[in-house]
*Asks:* 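Mind having a look at this structure? Questions to follow.
When a ligand or atom number is given, it counts from 1 through the structure's own listing order. Heavy-atom basis, side chains included; hydrogens, waters and symmetry copies ignored.
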Amino acid sequence: MKAVITRKMPDSIVALLAECCDVYMWPDEHEPISRHMLMEQMADADALFTNVTDRIDREVLDAAPRLKVISTMAVGFNNIDVAEATRRGIPVGHTPEVLTEAVADLTFALLLATARRVVEAMAFIREDKWKAWGPMLLTGQTVHGATLGIIGMGRIGEGVARRARGLGMNILYCNRSRKEAAERALEAAYCHLDELLKRSDYVVMLAPSTKETTRMIGAREFSLMKPNAIFINTARGTNVDEAAMIEALKAGQLRGAGLDVFETEPIRPDHPLCALDNVVLLPHIGSATVETRLKMAEIAALNIIAGLKNEPLPYIVNPEVNV
Ligand code: GLV
């Protein structure tokens, strides 16, 4: 049997897979596998170890007549046509849980950095603009005691809420369903999206990417936010109408934005967001701690091994095919 790994992985992960199958690995750590090479390698692949940069659509599945399992090294799986994989009886694995705390940490890092203008302040020193302490120099916005609105109260949303409690924040959330246990444990109040937008000083996007969440925050939603609101997105860029967000940031309708994800990735320095001072931009590193990424890679490999053995995947996206 053969597994295709679409990005260079650490030796320990390759060794784990090599115990049960042959492995083809794209040798580059930074550049995604070319579409051409992916299609070619899928011809005799039994397993696919993929990641957020690969589009696994019907065409890829058509090229892979032997495919028994798909495993993505991510919690999000919007890059995979899961409905089509399910129709073909192919289980799809992902890596939730192990990344929860790392992503919640990064979400808070972005929130604090944006509120307190941390990146702008460092540039101020680098550009030799610091002449003396100033009473209102680089003043940002208070986080302690402010109101945080969490859109998407899944595991990561709860992790963010736990951190917010330590900062004495008032917590609002909206979600497809109410999370009453989380409400009690975290003193979070459930409310409608519009109300959350109107009342929050910080709005954090943590909803998964689905048809329903595509561009769920656009011009109307930005216009509902407080003028001092700061918007944080560590979920998926497609959940937001980026052009509308840029307009809101330029117009001062939105105080700032901290973004780890974008409509189209990667963004380049000539992207309109890079021209703004009131943003902190990161290259999709939400779960990027060494420990977390190694655990994610290991779980992705374990999902593959289970799939090749016809066993239930430890973390499956489409359990209806996991017999
Ligand atoms: C990264 O974006 C992930 O979904 O894990």
*Asks:* Using a strict threshold of under 4.0 Å (side-chain N to carboxylate O), is an ion pair present between Glu183 and Arg178?
*Replies:*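 Here Arg178 pairs with Glu183 in a salt bridge, since their nearest N and O are under 4.0 Å apart.
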*Asks:* Decide, yes or no, whether a salt bridge links Asp62 with Arg88 under the criterion of side-chain N to carboxylate O below 4.0 Å.
*Replies:*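 Counted as a salt bridge, because a side-chain N and a carboxylate O are separated by less than 4.0 Å.
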*Asks:* Would Leu99 count as a polar contact of ligand 1, with the cut-off being nitrogen or oxygen pairs under 3.5 Å?
*Replies:*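 Such a contact does not occur with ligand 1.
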*Asks:* State the atoms of ligand 1, each with its element, that fall below the 4.0 Å cut-off from a heavy-atom position in Ala74.
*Replies:*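 Taking each heavy atom of Ala74 in turn, ligand 1 has 3 (C), 4 (O), 5 (O) under 4.0 Å.
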*Asks:* Would you mind checking which non-hydrogen protein atom is closest to atom 5 (O) of ligand 1, with the distance to 0.1 Å?
*Replies:*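 Heavy-atom neighbour on the protein nearest atom 5 (O) of ligand 1: Val75 N, 2.8 Å.
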*Asks:* Apply salt bridge (Lys or Arg N to Asp or Glu O under 4.0 Å) to residues Lys8 and Asp28 and explain how you reach the verdict.
*Replies:* CA-CA 5 Å; Lys8 186 172 174 2; Asp28 200 309; over 6 Å; no
*Asks:* Would Arg163 and Glu101 pass as an ion pair if we require N to O under 4.0 Å?
*Replies:*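 Judged by the 4.0 Å cut-off on N to carboxylate O distance, Arg163 and Glu101 do form a salt bridge.
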*Asks:* What atoms of ligand 1 come within less than 4.0 Å of a heavy atom belonging to His284?
*Replies:*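 Listed by number with element: 1 (C), 2 (O).
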*Asks:* Any atoms of ligand 1 less than 4.0 Å from a non-hydrogen atom of Arg236? List them with their elements.
*Replies:*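 What qualifies from ligand 1 is 1 (C), 2 (O), 3 (C), 4 (O).
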*Asks:* Do ligand 1 and Gly76 have nitrogen or oxygen atoms that lie under 3.5 Å from each other?
*Replies:*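 Yes - when backbone and side-chain N and O of Gly76 are compared with those of ligand 1, one distance drops under 3.5 Å.
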*Asks:* Check each of Ile151, Ile150, Ile171, Leu172 against Ser200 using the side-chain contact (heavy atoms from CB on, under 4.5 Å) test, and report the only one that passes.
*Replies:*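 Of all the options given, the one that passes is Leu172.
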